[in-house]
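Sequence lines set the chain letters: A, B, ... in the order given, protein chains first and strands last, and positions in each chain run from 1. Please read all numbers here as calculations on a predicted model, not as lab measurements.
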Amino acid sequence: MTNAEKLTELAKRRGFFFGSSEAYGGVAGFYTFGPEGAALKRNVESSWREQFTTRLGNEEIEAPTIMPEPVFEASGHLDGFDDMLVECAECGESHRADHLIEDNTDIEEAESLPIAEVEELIAEHELECPNCGAPLAGQDVVDFNLMFETSIGPGNGHPGYLRPETAQGIFVEFPRLKEYARNQLPFGITQVGRAYRNEISPRKGIVRTREFTQAELEQFIDPESDEPPLEDVRDVEVVLYPATEQEKESVEYIETTIGDAVDDGIIASDWVAYFLGVAQGWYESVGVDMDRFRFRQHLPGERAHYASDCWDAESELGGDWVEIAGFAYRGDYDLSKHEEYGDDSFTVFQQYDDPKTVERAVVDPDMSALGPEFGGQAMAVAEALQDLADRNPDAFDSDEVTVEVDGDEVTVDTDLANFSVEEQTESGEHITPHVVEPSFGVDRTVYTVIAHAYAKDEVADEARSFLQLDPTIAPTSVGVFPLLSNAEELTEQAHDIVDALRDVGLSVAYDESGNIGRRYRRQDEVGTPFCVTVDYEGLEGDGPDTVTLRERDSTAQLRLPVDVLVEELVAVRSGAKPFDALREDYEAVDSDDA
RNA sequence: GCGCCGUUGGUCCAGUGGUAGGACAGAGCCUUCCCAAGGCUCUAGCCCGGGUUCAAUUCCCGGACGGCGCACCA
């Protein structure tokens, strides 16, 4: 069994994740997070929120997962997703069928033709594979639309799509969000939610699914003036794999700091560099193994339609590098498209520090004269006059000016135009903000965290496999056991401790089944960092009752008074106090006498 | 989508034309037993549909799901 297979087996058996709807034969590309997995995922998400929403001073929204078709016409996803592929039987190369037809016939817009017709056209025109020249006639044309389509409301006249990325839910609401931000750049909006892609063939278990969770930040900036607080992450050490290195035969990484990478021009955008630095720290905090982690720059041909520069965070899983986040400089692509297609304004008014005074040629046409003269064309004439004033003010030096309206030459008395040059004050301008997008795949992150936490050792000559999850994100924080299940004094105190720990918000597992070692291993296997055992020894003697506290990774045990247990556990589980600090205050338990 | 291989208790596997066995896990009881191997008892399975056959978990065909390769991953 490979490690990946062991992880899949562990995930199924212990309730981290498993294929959905298995009672009905299952469905490819959909996974259910079981109790352990859902808890772990919630903890990873809340850690992400803590970092990328709260600490960076951003705001989170929650948009619908279904949006109407025009949104995706604007975003470019409809075109980008609706490709027709034909595969060459000889060499196996896939080609865009619509492009082949457009290139080799007089037909334009082949993309809108039905599949059957495209297949006929390929046969009719005897199209050949551009790669090897083999005939393509008879080959199936495959339509792949990576968006899930649905219809909104009764009937089918109102198509909608499940969003292929959460980002569009933010971009579409930009007109309201900018008002919320009081038109002040920069500001950032986050969203944690589901996205959907109807993958042709989902693979690699939970790594590539059809429904997945993204955690995204859309940072809106003024490209002219907004700088990230780069000094916060200057010294963060990172492993970079730039595009230039990827073209070489041997894999060589650049180990550097964020600050140096910017100074050396390896990362072009300060903003992207800043977020790489923040992300590095975050990944480390949730337990991603930094020896199996890198930032890889996209190759020029690899970038999405919206991105000018893009870096991925990648983690090593079973020998493969898997993308777990993307950091894209999206420029003004999205907001410009929505400005063009949507009804509202996707720009922000930026005031100048000092208002500018500019001279502008203006006309104030005498409509009471133009109206009778030109009738319905009068407005168009007036607009043409202003247009002329902008382009060529000198034209108004003569007695008459001539403009073109609907293809007709129209001559107007210059007096009627009321031409003048005015000083106007410009206090600012409308700009389309640029967008920097760190976009995290939550499911892949969760899987990475599990895979990187997976460890093996030996305890008392017995092999042990366990998850070294960080205490802050482990699904269960504490296991509580009575040493024996048939002793009321032990089970009662154990139950009291469970209640006390749950009262302060800790996630607690109670277990009295089997022998004590078995119970420790159960919790080890799901990554529970601490276990409390109530034994007879702790009830004996004159002093306060004591219990033992065991740490998962070292299996070391300390004896703690019950009345400090809650306080100390809260401290070690939050990371405020390392477990080793407890060793100074409490007696170690010698477990060799077992 | 294509090709190859696979699908048997919760998990991982063995096996058979006459409906099946193990390991681990799980439940209960016993146990002053602190690191999965104690004793007793118990639970639980042949992916779906069609075909061949007296009889199919087993053979054939199709499907679903999974693994690998190709393609795809904007």
Just by distance, with hydrogens left out, do [X] and [Y] show a side-chain donor and acceptor under 3.5 Å apart?
X: A/Gln468; Y: A/His452; value: no
X: A/Tyr329; Y: A/Glu437; value: no
X: A/Thr32; Y: A/Ser20; value: yes

Looking at [options], which one has an atom nearest to any side-chain atom of [X]?
X: A/Glu9; options: B/A27, B/A74, B/C12; value: B/C12
X: A/Asn515; options: B/A36, B/C73, B/U11; value: B/A36
X: A/Gln557; options: B/A36, B/C34, B/U32; value: B/C34
X: A/Arg522; options: B/A74, B/A27, B/C34; value: B/A27
X: A/Tyr520; options: B/C34, B/U32, B/A74; value: B/C34
X: A/Thr533; options: B/A74, B/C34, B/A36; value: B/C34
X: A/Tyr536; options: B/U11, B/C34, B/U32; value: B/U32
X: A/Ser513; options: B/C30, B/A27, B/A36; value: B/A27
X: A/Leu483; options: B/C34, B/U32, B/A74; value: B/C34
X: A/Glu540; options: B/C73, B/U11, B/U32; value: B/U32

Heteroatom pairs (N/O) under 3.5 angstrom, protein to nucleotides 60-64 of chain B:
residue : atom : partner : partner atom : Å
B/A64   : O2'  : A/Gly25 : O            : 3.1

[M] and [N], which share atom name [atom1], separated by this distance in whole Å:
N: B/U16; M: B/G22; atom1: C1'; answer: 15 Å
N: B/U58; M: B/U8; atom1: P; answer: 13 Å
N: B/G15; M: B/C59; atom1: P; answer: 12 Å
N: B/G28; M: B/G18; atom1: P; answer: 38 Å
N: B/C70; M: B/A56; atom1: P; answer: 41 Å
N: B/G26; M: B/C12; atom1: C1'; answer: 15 Å
N: B/G49; M: B/C40; atom1: P; answer: 41 Å
N: B/C68; M: B/A36; atom1: C1'; answer: 34 Å

If you draw the axis of the six-membered ring of A/Trp321, does the NZ or CZ of A/Arg296 fall within 45° of it and under 6.0 Å from the ring centre?
no
A/Tyr447 ring centre to A/Arg444 NZ or CZ under 6.0 Å, with the angle to the axis within 45°?
no
Please state how far atom [atom1] in [X] lies from atom [atom2] in [N], giving the value in whole angstrom units.
X: A/Asp511; N: B/A36; atom1: CG; atom2: C1'; result: 12 Å
X: A/Glu458; N: B/A36; atom1: CD; atom2: P; result: 11 Å
X: A/Phe212; N: B/A74; atom1: CZ; atom2: C1'; result: 12 Å
X: A/Arg518; N: B/C24; atom1: CZ; atom2: P; result: 9 Å
X: A/His298; N: B/C73; atom1: NE2; atom2: P; result: 13 Å
X: A/Leu484; N: B/G38; atom1: CG; atom2: P; result: 17 Å
X: A/Lys12; N: B/G66; atom1: NZ; atom2: C1'; result: 8 Å
X: A/Glu323; N: B/C73; atom1: CD; atom2: P; result: 13 Å

Should A/Thr491 and A/Glu488 be marked as a side-chain hydrogen bond (donor to acceptor under 3.5 Å, both in side chains) after you check the CA-CA gap, both sets of side-chain angles, and the distance that decides it?
CA-CA 5 Å; A/Thr491 57; A/Glu488 221 172 86; over 6 Å; no
For the ring pair [X] and [Y], is the centre-to-centre distance below 6.0 Å?
X: A/Tyr31; Y: A/Phe212; answer: no
X: A/Phe174; Y: A/Phe220; answer: yes
X: A/Tyr283; Y: A/Phe293; answer: yes

Looking at A/Glu165 and A/Arg330, is there a salt bridge between them, counting it only when a charged N and a carboxylate O are closer than 4.0 Å?
yes
Output yes when at least one side-chain N/O atom of A/Lys204 is less than 4.0 Å from OP1 or OP2 of B/C73, else no.
no
More 5' along RNA chain B: A/Arg444 or A/Asn486, using each one's nearest nucleotide?
A/Asn486
What about A/Arg521, does its side chain sit under 3.5 Å from the base of B/A36 through a donor-acceptor pair?
yes
Ignoring hydrogens and angles, does a donor from either the side chain of A/Arg197 or the base of B/C72 sit under 3.5 Å from an acceptor on the other?
no
When all nucleic acid strands are considered with a 4.0 Å heavy-atom cut-off, which category describes A/Gly514: base, sugar-phosphate, or nothing?
nothing
